[in-house]
Amino acid sequence: MINVTLPDGTVKQFDKGATAMDVAMSISEGLARNVLSANINGETWDANRPINEDVTITLNTWRDKDGKATFWHSSAHLLAEALEAIMPGTKFGIGPAIDNGFYYDVDTGDKTLTPDDLTKIEAKMLELAREKNQFVRKEVSKAEAIAFFEEKNDEYKLELLEDLEDGTITFYTQGNFTDLCRGPHLADTSNIKAIKLMSLAGAYWRGDETRKQMTRIYGITFPKQKELKEYLVMLEEAKKRDHRKLGKELELFMFSEKVGSGLPIWLPKGTQIRERLQNFLKAEQEKRGYKMVATPHIGHKNLYITSGHYAKYGEDSFQPIQTPREDEEFLLKPMNCPHHCEIFANRPRSYKELPLRIAEFGTVYRYEQSGELHGLSRVRGFTQDDAHIFCTTDQLKDEFLNVLDLTKTVLAKMGFDDYTAQISLRDPNNPDKYIGSAENWDAAEAAIIDATKEVDFKTITAYGEAAFYGPKLDFMIKDALGRSWQLGTIQVDYNLPERFELEYTGSDNAGHRPVMIHRAPFGSMERFMSILIEHTAGKFPLWLTPEQFVLIPVSDRFNDYCRDVEAQLALHDIRGFIDDRSETIGKKIRDNELKKIPLLLIVGEKEVAANSVALRIQGEGDKGVYDIPNFVEFFKTLM
RNA sequence: GCCAAUGUAGCUCAGGGGUAGAGCACUUCCAUGGUAAGGAAGGGGUCGUAGGUUCAAAUCCUAUCAUUGGCUCCA
């Protein structure tokens, strides 16, 4: 007999060789029907794999992340089976579950997969799923495994096998398809009821761009057709929030082939929002002791030789700008820190000046690869809400707290609450990768960790993700389609002060090297804007929105009155415009609702008589009549 | 940069070897309308760009640029 401990602490006894399915059955038949896999002592297992010792168990269903992962991983195998049936000789790379579905990297040789093929594969998958084939786990020796894939001529699986130890290798077979796989899998294919292959993409084998590019097939499956439909509807809804679409519709920004790809052009409405964001941040920074500076868009080549960027990124960047003078070269600045280092070096500095916090909305240019450009999220020219803090190691933690407080204030003001702070530390196995003494790194990493604890941030720690010059903290946030982007960042830097030979005079009258913190709460105005658009679906908070109200006269007889109201509201810094087109009232309301103007003020005979407006809130409908002072009061409650 | 797809009017899209279509937007006129599309008329495109095939190319081919989905990269 074995003891099985359930998540609630209950211990049940079973015969040796019982399965998670048996455990589920002992609880209820319904649960047994829904169990997809189980976590056994922390490891995910097939629901029908025999258990031979005392274990702690969690049963995974569709509602659990691990359950979905099992479902989707099995779906990937089903995809492979279908593809092998349709295109014999296809070679397979890896086929894992991901956050939303699964993919399989395949090599179809000379044949190129087309979207039409996906439809055929889907149909085949459904057909195979209905066969209710069991996923059969088998432990194999390495020699057996190698023989199997040599027979199949699948060099990818053979390469994967090289890294596996004999005795730990398992195969899974369902129907006619056998794959090298750790598992776990569903009991059989019949749970997979709804299938959608989403897209095709190229993907380098093992993520290495020097290796062969395979075809990646992305797909998603569900236990119910209805869930697939809901998922697709959700995707459609998400697309409506896409900042590229809304940016065009709301006339916030544009791109021009003539100006160049990846170079965003901010239109008047977008610029208004951008400037309000900047003014807000400036005010917050002023409270926290920052001084604004302004530096040129280019810098002498020598600046970047000093900073080390020339050697590291020279060839992959915008190329140097020549001058009439021979051998003189300037670079478009890819970051602001070298300029700011020169500001620090401008004159002798005393420890009494530290921490020195200098800030700039600095526009930088980076030659991103053409395939990487993405709306406002990934561009070649963008403005960082940059600042550099020069301080002593002892001041690091307080400065970190100061920056964290600022970042928190900024994100809260925008209503962003679903973000992750990633602490990036050294790779403990690779200490030579990093510049600076171990003591300094210890101090900086401790400062970050302590500071994030004090402000109670939701953090994840990533070892080995630190920059070579120092540890960092990045704020990650998702766009409408669930893609993760880095917004704000805080980075400790020991390298640049060293390279620029920055010094301050300490209380001991000796020279000391400062530490530098790079930080940008928004990250860049462009990327921040893209996320802001997607999170608000274009319904910006009232303080940010370019047009807070629209006055809609019922007929053009009331245009003069509207102008009067507009002027009265302007006195209270309430901004908007008059829709004096000769259209029907219904039409004007519809148009302005679609433009997402927050407050619609309808004005006709009655309103003119009572010096009032009839208020309608975007998306909410009629809110009744307000006289002007009351409306101003009401407006203030919304801000 | 790599793989794949797409590129037709300001926008969304249909069409497809025989000289270009819809809806919305725009202009003008009529209507002066009370809470999500009033009516009529009109203007607007060398079908991304450059070559090629053809009697004839927006349509087929090649190259190129841009965009989209991924991969790689990301100071």
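Chain identifiers are assigned alphabetically (A, B, ...) following the order of the sequence lines, protein sequences preceding nucleic acid strands; residue numbering begins at 1 within each chain. Only heavy atoms go into these numbers, but all of them, side chains included; no hydrogens, no water, no symmetry mates.
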Intra- and interstrand pairs of RNA chain B - dot-bracket, Watson-Crick/G-U under 3.5 Å, | marks other strand: (((((((..((((....[..)))).(((((.......))))).....(((((..]....))))))))))))....

C1' gap between B:rU19 and B:rU46, integer Å: 11 Å

Below the 4.0 Å mark, does B:rA4 have OP1 or OP2 next to a side-chain nitrogen or oxygen of A:Y218? no

How close or far is atom P of B:rA36 from atom CD1 of A:I617, stated in whole angstroms? 15 Å

Closest to the 5' end of RNA chain B, once A:K245 and A:W205 are matched to their nearest nucleotides, is A:K245

B:rA66 to B:rC29 separation - C1' atoms, rounded to the nearest Å: 41 Å

Closest nucleotide among B:rG34, B:rC24, B:rC71 to the A:K587 side chain: B:rC24

Once the angle between the rings of A:H374 and A:H243 is folded into 0 to 90°, is it parallel (under 30°), tilted (30 to 60°) or perpendicular (over 60°)? tilted

Candidates A:L197, A:V106, A:T90 - the one meeting side chain to side chain contact (heavy atoms under 4.5 Å, CB included) with A:L113: A:V106

Can you check whether any acceptor in the base of B:rG1 is under 3.5 Å from a donor in the side chain of A:Q213, or vice versa? no

Sorted by chain and residue number, the salt bridge (charged side-chain N to carboxylate O under 4.0 Å, His left out) partners of A:K120 (sequence neighbours excluded) come out as A:D117

Which part of the nucleic acid, if any, lies within reach of A:K588 when heavy atoms closer than 4.0 Å are counted: base, sugar-phosphate only, or nothing? nothing

Can you classify the ring geometry of A:Y231 versus A:F222 as parallel (below 30°), tilted (30 to 60°) or perpendicular (above 60°)? tilted

Would a distance-only check, ignoring hydrogens and angles, find a side-chain to backbone donor-acceptor pair under 3.5 Å from A:H388 to A:N336? no

For the side chain of A:W205 and the backbone of A:G93, is there at least one donor-acceptor N/O pair under 3.5 Å apart? no

Main-chain N/O of A:K478 paired to A:Y419 side chain as donor or acceptor, under 3.5 Å: no

Considering just the side-chain nitrogens and oxygens of A:T584, establish if one lies under 4.0 Å of OP1 or OP2 belonging to B:rG38. yes

At a cut-off of 3.5 Å, list every protein nitrogen or oxygen paired with a nitrogen or oxygen from nucleotides 73-75 of chain B, distance to 0.1 Å.
unit_1 : atom_1 : unit_2 : atom_2 : d
B:rC73 : O2     : A:R378 : NH2    : 3.4
B:rC74 : O2     : A:R378 : NH1    : 3.3
B:rC74 : O2     : A:R378 : NH2    : 2.7

A:D242 and side-chain hydrogen bond (donor to acceptor under 3.5 Å, both in side chains): which single residue from A:K245, A:R244, A:K240, A:K239 fits? A:R244

Would you kindly check whether a donor in the side chain of A:R616 faces an acceptor in the base of B:rA36, or vice versa, at under 3.5 angstrom? yes

Can you sort out which residues in residues 105-123 of chain A have a heavy atom within less than 4.0 Å of RNA chain B? Ascending by number, please. A:T112

Work out how far the P atom of B:rA22 is from that of B:rC30, and round it to whole angstrom. 26 Å

Gap in Å between the two C1' atoms, one belonging to B:rG51 and one to B:rU68, rounded: 26 Å

If you pin A:D591 and A:S582 to their nearest nucleotides in RNA chain B, which one's is more 5'? A:D591

Per-nucleotide protein contact along nucleotides 63-68 of chain B, 5' to 3', at a 4.0 Å heavy-atom cut-off (B base, S sugar-phosphate only, - neither), is --SSSS

From CE of A:M254 across to P of B:rC11 the rounded distance in Å is 11 Å

Counting neighbours of CD on A:E251 that are heavy atoms of other residues, nucleotides or ligands and sit closer than 6.0 Å, is the number greater than 12? no

Determine whether a donor-acceptor pair (N or O, by modelled atom type, separation under 3.5 Å) exists between the side chain of A:Q384 and the backbone of A:E360. no

Looking at the side chain of A:R581, which of B:rC26, B:rA36, B:rC2 is the nearest nucleotide? B:rC26

Whole-Å gap separating C1' (B:rG34) and CD (A:E607): 8 Å

For nucleotides B:rC71 and B:rU12, find the distance between their P atoms and express it as a whole number of Å. 26 Å

Nearest-Å distance for atom pair CZ/P, residues A:R216 and B:rG69: 16 Å

Checking A:D493 side chain against A:M516 main chain: does a donor-acceptor pair fall under 3.5 Å? no

If we ignore hydrogens and angles and just use 3.5 Å, is the side chain of A:R380 paired with the main-chain N or O of A:E368 as donor and acceptor? yes

Between B:rG70, B:rG34, B:rA37, which nucleotide has the shortest distance from any of its atoms to the side chain of A:R590? B:rA37

The complete set of salt bridge (charged side-chain N to carboxylate O under 4.0 Å, His left out) pairs with one or both residues in residues 518-536 of chain A, sequence neighbours excluded, reads A:R274-A:E526

Strictly distance-based, threshold 3.5 Å: is any side-chain N or O of A:Y494 a donor or acceptor partner for the main-chain N or O of A:N440? yes

Measure the distance from NZ on A:K212 to P on B:rC3 and round it to the nearest whole Å. 11 Å

Between atom CD in A:E583 and atom P in B:rA40, what is the gap in whole Å? 13 Å

Work out how far the C1' atom of B:rC60 is from that of B:rC47, and round it to whole angstrom. 15 Å

If the C1' atom of B:rC13 is compared with that of B:rU49, how far apart are they to the nearest Å? 22 Å

Has A:K623 got more than 12 heavy atoms of other residues, nucleotides or ligands less than 6.0 Å from its NZ? yes

B:rU53 and B:rC61, which share atom name C1', separated by this distance in whole Å: 7 Å

How about A:F634 and A:Y626: are their ring centroids closer than 6.0 Å? yes

Without decimals, in angstroms, what is the distance between A:I602 CD1 and B:rA36 C1'? 11 Å

Would you mind classifying the nucleic acid contact of A:Q486 as base, sugar-phosphate or nothing, using non-hydrogen atoms under 4.0 angstrom? nothing

Rounding to an integer number of Å, can you tell me how far A:D556 CG sits from B:rU32 P? 10 Å

Need one value for A:A203: base, sugar-phosphate or nothing, where a base atom within 4.0 Å counts as base even if backbone is also close, heavy atoms only. sugar-phosphate

